[in-house]
2 protein chains.
Amino acid sequence: MRPRTDTKERLLSLAEERVLAKGFSATSIDELIAGVGITKSGFFYHFRDKNELARALLLRYLEQDRAVLEAIFQRGDDLHDDPLHGFLVGLKLFAEMLANLPEQHPGCIAASYCYQDQLFDREIRDLNAAGMLAWRQRFGERLQRIAEVYPPRHDVDLDALADMISTLVEGGLILGRALRDATILPRQILLYRDFIRAIFLGN
Amino acid sequence: MRPRTDTKERLLSLAEERVLAKGFSATSIDELIAGVGITKSGFFYHFRDKNELARALLLRYLEQDRAVLEAIFQRGDDLHDDPLHGFLVGLKLFAEMLANLPEQHPGCIAASYCYQDQLFDREIRDLNAAGMLAWRQRFGERLQRIAEVYPPRHDVDLDALADMISTLVEGGLILGRALRDATILPRQILLYRDFIRAIFLGN
DNA sequence: GCGATACTGTACCACAGGTACAGTCTGGGT
DNA sequence: ACCCAGACTGTACCTGTGGTACAGTATCGC
């Protein structure tokens, strides 16, 4: 048998799927190794223990998420020079992408970890928090730039408005899963888009 | 030792706390019985197996949640006859209640179960879905009544707008936990309130 | 042929969920 | 005073899982 080079990736992919379906602690090492066809020793060659699997899973997820979303909103900016309209285009693209997923969005590792955070060490919890804060900052900066050009008529809590995207995504994933309805999340994003229009364009 | 009558309740309370902190499968029967001071046989006297604990936990949570939220929005309606303004008062009361919790909101059992749904049987998943749908209906009816009096200038997806509350609550709980910031959720509710004003009052 | 990489195989331990079932204490009703 | 249902305790046992330890092996590139 020739040694494969993608075993670690396949372990992480399978682990991600199982963790989103059953939670981290219910995801047994045995089912992972059975799924990718290695032995327990093979698993512990790649990861010192289950906690290291948890960390690798989170890092991989955060990075994938960042790359996908940055690409979408960058594309929005490319399609429209104005910061507000570029953002509105980005939100539409985001909603379309979510609506066109081949199947139900599998869920967010960060949210899953959040409801099991006592399983993990400080480092993982901090990574998770940093990931959320990064979105607040990225969207917050956008909203700042927009507010400079389109001063909102009322006071708006821009940090909360930035957090609102992550909030709707996390909440939308939960409702979508619970109700087995993949349209919930994209519709929430479109509502958010309406809200942004109302705040900065007043219509 | 005299037999207590509240053992089952104490088991459920402790289980709820642990499940929200570690997830269901990582919550061991041993830690629960140690926490309330009974033996394993005592646990299996109250619950046939762990799955029955899961069901009882969810039912208890859904009922508590329903009672608390209905009381808040009923109070809003009592304070203002108009359906829109009663709802706006209710949202403000809700945000205040969330902001004044003695400590961080412990989280939502339904959301926790959602990210571990393969652990549970069909019945529990259906209960969870029915709980979410009930909120869509309760808020959807309110929004219908409001829209009759205050026709929105644009088309609005009222079902999505009803779901938006649950979405913001679930998402806000996740961000609040991840960032250890109890102000996130109430601020999201206030933003939702602003959105409702913008849609139905146009300001 | 050598060493790094990617594993396998074997053996072992503690703990968790779960099953089974007999025994015990207590308070309330008769 | 007695009985019985409710609320447990005690003991024994089985399986699966996470985790540890460590020696051995196949393959590839240099």
Side-chain angles (χ1 to χ4, degrees), chain A residues 1-58 60 109 112-113 115-121 123-124, chain B residues 1-58 60 112-113 116-121 123-124:
Chain A
M1 203 196 301
R2 82 178 58 95
R4 314 187 54 140
T5 51
D6 63 344
T7 305
K8 194 166 179 173
E9 259 309 291
R10 292 191 307 130
L11 270 173
L12 286 168
S13 292
L14 181 56
E16 182 171 310
E17 181 206 316
R18 299 306 173 105
V19 166
L20 289 173
K22 311 199 302 176
F24 185 77
S25 86
T27 300
S28 74
I29 293 176
D30 280 358
E31 74 182 286
L32 298 179
I33 64 182
V36 305
I38 59 172
T39 64
K40 207 181 228 186
S41 313
F43 177 88
F44 286 104
Y45 170 76
H46 289 293
F47 303 102
R48 193 181 322 165
D49 53 25
K50 223 185 159 193
N51 200 67
E52 201 174 300
L53 170 69
R55 192 185 322 124
L57 210 53
L58 179 59
R60 197 182 85 126
I109 288 286
S112 171
Y113 279 25
Y115 269 111
Q116 300 165 61
D117 64 359
Q118 290 308 304
L119 296 177
F120 307 115
D121 57 27
E123 187 195 345
I124 290 184
Chain B
M1 204 197 300
R2 81 178 58 95
R4 314 187 52 143
T5 50
D6 62 345
T7 305
K8 192 164 180 174
E9 259 308 292
R10 292 190 308 130
L11 270 173
L12 286 168
S13 292
L14 181 56
E16 182 171 310
E17 181 206 316
R18 299 306 174 102
V19 167
L20 290 173
K22 311 200 300 178
F24 185 76
S25 86
T27 299
S28 74
I29 294 176
D30 280 359
E31 75 183 285
L32 297 180
I33 63 183
V36 305
I38 59 170
T39 64
K40 205 182 234 187
S41 312
F43 176 89
F44 287 105
Y45 169 75
H46 289 292
F47 303 102
R48 193 181 324 168
D49 53 27
K50 225 187 158 193
N51 198 67
E52 202 175 299
L53 170 68
R55 192 185 323 124
L57 210 52
L58 179 60
R60 200 183 80 127
S112 171
Y113 278 24
Q116 300 164 61
D117 63 0
Q118 289 308 307
L119 296 177
F120 306 115
D121 57 26
E123 188 196 343
I124 288 184

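Because the structure is predicted, anything quoted here is derived from the model rather than measured. Throughout, a chain's letter reflects where its sequence line sits, starting with A, and its residues are numbered from 1.
- Ranking dC21(C), dC7(C), dC8(D) by closeness to the Tyr45(B) side chain, first place goes to dC8(D).
- Between the CG atom of Leu119(B) and the C1' atom of dA16(C) there is a distance of 15 Å, rounded to whole Å.
- The distance between atom CD1 of Ile33(A) and atom C1' of dG9(C), rounded to the nearest whole Å, is 12 Å.
- In plain terms, the two heavy atoms of Lys40(A) and Ile33(A) that are nearest each other are N-CD1, 3.5 Å.
- Computed from coordinates, the Arg10(B) CZ to dC8(D) C1' distance equals 13 Å when rounded to whole Å.
- When side chains are defined from C-beta on, Leu11(A) counts as touching Phe47(A), because their heavy atoms get closer than 4.5 Å.
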Hey, can you pull the donor-acceptor pairs under 3.5 Å for the side chains in residues 13-21 of chain A, sequence neighbours left out?
from     : atom 1 : to       : atom 2 : distance (Å)
Ser13(A) : OG     : Glu9(A)  : O      : 3.2
Ser13(A) : OG     : Arg60(A) : NH1    : 3.3
Glu16(A) : OE1    : Arg60(A) : NH2    : 3.1
Arg18(A) : NH1    : Glu31(A) : OE1    : 2.7

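- To the nearest angstrom, P of dA16(C) lies 18 Å from CG of Asp49(B).
- In DNA chain C, runs of at least 3 consecutive Watson-Crick or G-U pairs, each pair with both distances below 3.5 Å, span C:1-30 with D:1-30.
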Just the table, please: protein N/O against nucleotides 16-18 of chain D N/O, every pair under 3.5 Å.
from    : atom 1 : to       : atom 2 : distance (Å)
dG18(D) : OP1    : Thr27(A) : O      : 3.3
dG18(D) : OP1    : Ile29(A) : N      : 3.1
dG18(D) : OP2    : Ile29(A) : N      : 2.8
dG18(D) : N7     : Lys40(A) : NZ     : 3.1

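- Distances shorter than 4.0 Å separate none of the side-chain N or O atoms of Ser41(A) from OP1 or OP2 on dC22(D).
- Atom CG of Asn51(A) and atom P of dG19(D) are 9 Å apart (whole Å).
- Evaluation of the side-chain contact (heavy atoms from CB on, under 4.5 Å) rule for Tyr45(A) yields no partner, not counting sequence neighbours.
- Of the side-chain N and O atoms in His46(A), one or more sit less than 4.0 angstrom from OP1 or OP2 of dC7(C).
- Rounded to whole angstrom, the span from the NZ atom of Lys8(A) across to the P atom of dT5(C) amounts to 12 Å.
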Could you go through residues 50-57 of chain A and list every donor-acceptor pair under 3.5 Å that involves a side-chain atom there, pairing it with any protein atom two or more places apart or in another chain?
from     : atom 1 : to        : atom 2 : distance (Å)
Lys50(A) : NZ     : Phe24(A)  : O      : 3.1
Lys50(A) : NZ     : Ser25(A)  : O      : 3.4
Lys50(A) : NZ     : Thr27(A)  : O      : 3.0
Asn51(A) : ND2    : Asp121(A) : OD2    : 2.8
Arg55(A) : NE     : Glu123(A) : OE1    : 3.3
Arg55(A) : NE     : Glu123(A) : OE2    : 3.4

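- Partners of Ser41(A) by side chain to side chain donor-acceptor pair (under 3.5 Å), not counting sequence neighbours: none found.
- As rounded to whole Å, 16 Å separates atom P of dA7(D) from atom CZ of Phe43(B).
- As rounded to whole Å, 13 Å separates atom P of dA6(C) from atom CD of Glu9(A).
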